[in-house]
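Here's the structure, in structure tokens; my notes come after.
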There are 2 protein chains.
Amino acid sequence: MFDAIDAAIVRELQNDARLPNKDLAARVNVAPSTCLVRVRALRERGVITGCHAEVDLGALGRPLQAIVAVRIRPHTRAVVRRFGDYVLSLPETIAASNVAGPDDFLVHVAVTDAAHLQQLLLDGFTTRKEVAELHTNLLFDHRRKHEVPPTAEVIS
Amino acid sequence: MFDAIDAAIVRELQNDARLPNKDLAARVNVAPSTCLVRVRALRERGVITGCHAEVDLGALGRPLQAIVAVRIRPHTRAVVRRFGDYVLSLPETIAASNVAGPDDFLVHVAVTDAAHLQQLLLDGFTTRKEVAELHTNLLFDHRRKHEVPPTAEVIS
DNA sequence: AATGAAAATACATAATG
DNA sequence: CATTATGTATTTTCATT
């Protein structure tokens, strides 16, 4: 299913997806050709789903981040899904979670400044009929970890 | 500062960081040599900060996600920073945000099942003295967008 | 499933327009 | 910035174990 070598490959590629296959092979102690076969298998099995460049949000003109908690009404499947699609289509949205609890969505946004945030909230959120309530949390700091390890159970 | 070609390069590499330079050049309509220079410059200027493989959390044995909202007391710089470092060191943590508002941290975690989540909350969070209050939101769905566009202001 | 060697590609650099 | 050329390195295939 997923042995120690696969786990090592996943770990290395989470940290640097552009690591040359030759170097990756050396780090996980297999031949380059073997390594390539394994990486391809991990992609085909859907374990590795993609490789994405990480970009500095400040450099993109979006130094200010916030988490917007949204309560949706009516709380129907169609309305919830439609809002999820909509909110992800906004250029300011980095991620959106549909959660259980008093709030229905937590939306992570990145904007230029407070004025931009206010405009986003007014034009992008509160104008929508299904948005019943909004709570905005400014982010002082957001740290994402790239290396998520497999649990012991999935390693054979 | 950042022209239309750079913006296109950033867009393409956010979607696929392993796109060969030749193909990338074709997509953004420049010569491969030019493209390579620009990609290197974007990395050196800190616009592109890294490339990371995205992995299916279910395949890693972590199909259940939650956002844990944590209130910290005392609310001092040292305690807040120490908790942030600690929480990011947990293998279950994917991301952690230090936010303004009633809650101090929003911690995104990925676990095996409800039992694992309970154990994480009890052993990893509530045992710590600085954790004053916890609210756990189960995630039904988390969607992250890879392509974050630059704002109009940073494009010249 | 893993390996080593050969063939195909891609990269990095430089010179020219 | 585009083109071309060139040497180097890497990726990929494949026969073999």
Side-chain angles (χ1 to χ4, degrees), chain A residues 1-56 59-61 146-156, chain B residues 1-56 58-61 146-147 149-156:
Chain A
M1 194 172 190
F2 202 104
D3 66 9
I5 294 173
D6 287 329
I9 289 173
V10 167
R11 173 169 44 77
E12 295 295 336
L13 291 183
Q14 280 183 315
N15 281 320
D16 182 7
R18 301 209 53 164
L19 192 65
N21 183 66
K22 191 186 89 169
D23 299 350
L24 176 60
R27 291 200 191 185
V28 304
N29 298 310
V30 293
S33 50
T34 306
C35 190
L36 195 65
V37 171
R38 279 176 175 268
V39 172
R40 276 221 300 255
L42 287 167
R43 289 184 135 273
E44 280 173 15
R45 283 160 49 197
V47 176
I48 295 174
T49 56
C51 299
H52 309 282
E54 190 180 41
V55 176
D56 180 69
L60 294 181
H146 305 108
E147 188 180 326
V148 181
T151 58
E153 295 96 54
V154 297
I155 300 186
S156 49
Chain B
M1 195 177 192
F2 203 105
D3 68 8
I5 294 173
D6 287 330
I9 289 173
V10 167
R11 173 169 44 80
E12 294 296 334
L13 291 182
Q14 280 183 316
N15 281 320
D16 182 7
R18 302 209 53 163
L19 195 63
N21 182 63
K22 191 183 78 172
D23 299 350
L24 176 60
R27 290 202 192 186
V28 304
N29 298 311
V30 293
S33 54
T34 306
C35 191
L36 199 64
V37 170
R38 280 175 175 267
V39 171
R40 260 188 43 187
L42 286 168
R43 289 184 137 274
E44 280 174 14
R45 282 161 49 198
V47 177
I48 295 175
T49 55
C51 299
H52 309 283
E54 190 180 43
V55 177
D56 181 70
L60 294 181
H146 305 108
E147 189 181 324
T151 58
E153 295 95 56
V154 296
I155 301 187
S156 49

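By convention in this document, chain letters (A, B, ...) are assigned in the order of the sequence lines, proteins followed by strands, and residues within each chain are numbered from 1. From a predicted model like this one, the values you see are computed outputs, not experimental measurements.
Nearer the 5' end of DNA chain D, as judged by each residue's closest nucleotide, is the contact made by B:R38, out of B:R38 and A:D23. Residue whose closest nucleotide on DNA chain D sits further toward the 5' end, between A:P32 and B:C35: B:C35. Ranked by how close their nearest DNA chain C nucleotide is to the 5' end, A:V37 and B:K22 are led by A:V37.
Close to C:dA1, at under 4.0 Å from its OP1 or OP2, lies no side-chain N or O of A:T34.
The residue A:V30 sits close only to the backbone: its heavy atoms come under 4.0 Å of sugar-phosphate atoms, none of a base. Residue A:D3 is classed as having no contact, given no heavy-atom separation below 4.0 Å to the nucleic acid. Across all strands, B:A31 comes closer than 4.0 Å to base atoms (heavy-atom distances).
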Please tabulate, one pair per line, all N/O donor-acceptor pairs under 3.5 Å involving side-chain atoms of residues 26-41 of chain B, not counting sequence neighbours.
from, atom 1, to, atom 2, distance (Å)
B:R27, NH1, B:E12, OE1, 3.0
B:R38, NH1, B:D3, OD1, 3.0
B:R38, NH1, B:D3, OD2, 3.3
B:R38, NH1, B:D6, OD1, 2.9
B:R38, NH1, B:D6, OD2, 3.4
B:R38, NH2, B:D3, OD2, 2.9

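The backbone N or O of A:Q14 sits less than 3.5 Å from a side-chain atom of B:H52, completing a donor-acceptor pair.
Rounded to an integer number of Å, the gap from CZ of A:R18 to P of D:dT11 is 10 Å. One can place CG of B:N29 at 13 Å from C1' of D:dC1, the figure rounded to the nearest angstrom. Computed from coordinates, the A:L24 CG to C:dA2 P distance equals 14 Å when rounded to whole Å. Taking atom CG of residue B:N21 and atom C1' of nucleotide C:dT9, one finds them 13 Å apart after rounding to whole Å. Rounded to an integer number of Å, the gap from B:R43 CZ to C:dC11 P is 13 Å. For the pair B:L36 CG and D:dC1 C1', the interatomic distance rounds to 14 Å; values are reported in whole Å.
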Take B:L24 and B:I9 through the side-chain contact (heavy atoms from CB on, under 4.5 Å) test and state the conclusion after the steps. CA-CA 7 Å; B:L24 176 60; B:I9 289 173; 4.2 Å; yes
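Of all the heavy atoms in B:F2 and B:V47, the pair that sits closest is CE1-CG1, 3.8 Å.
Taking CZ of B:R11 as the reference point, atom CD of B:E147 lies at 6.0 Å (rounded to 0.5 Å).
In this structure, the nucleotide among D:dC14, D:dT11, C:dT13 sitting nearest to the side chain of A:S33 is D:dC14.
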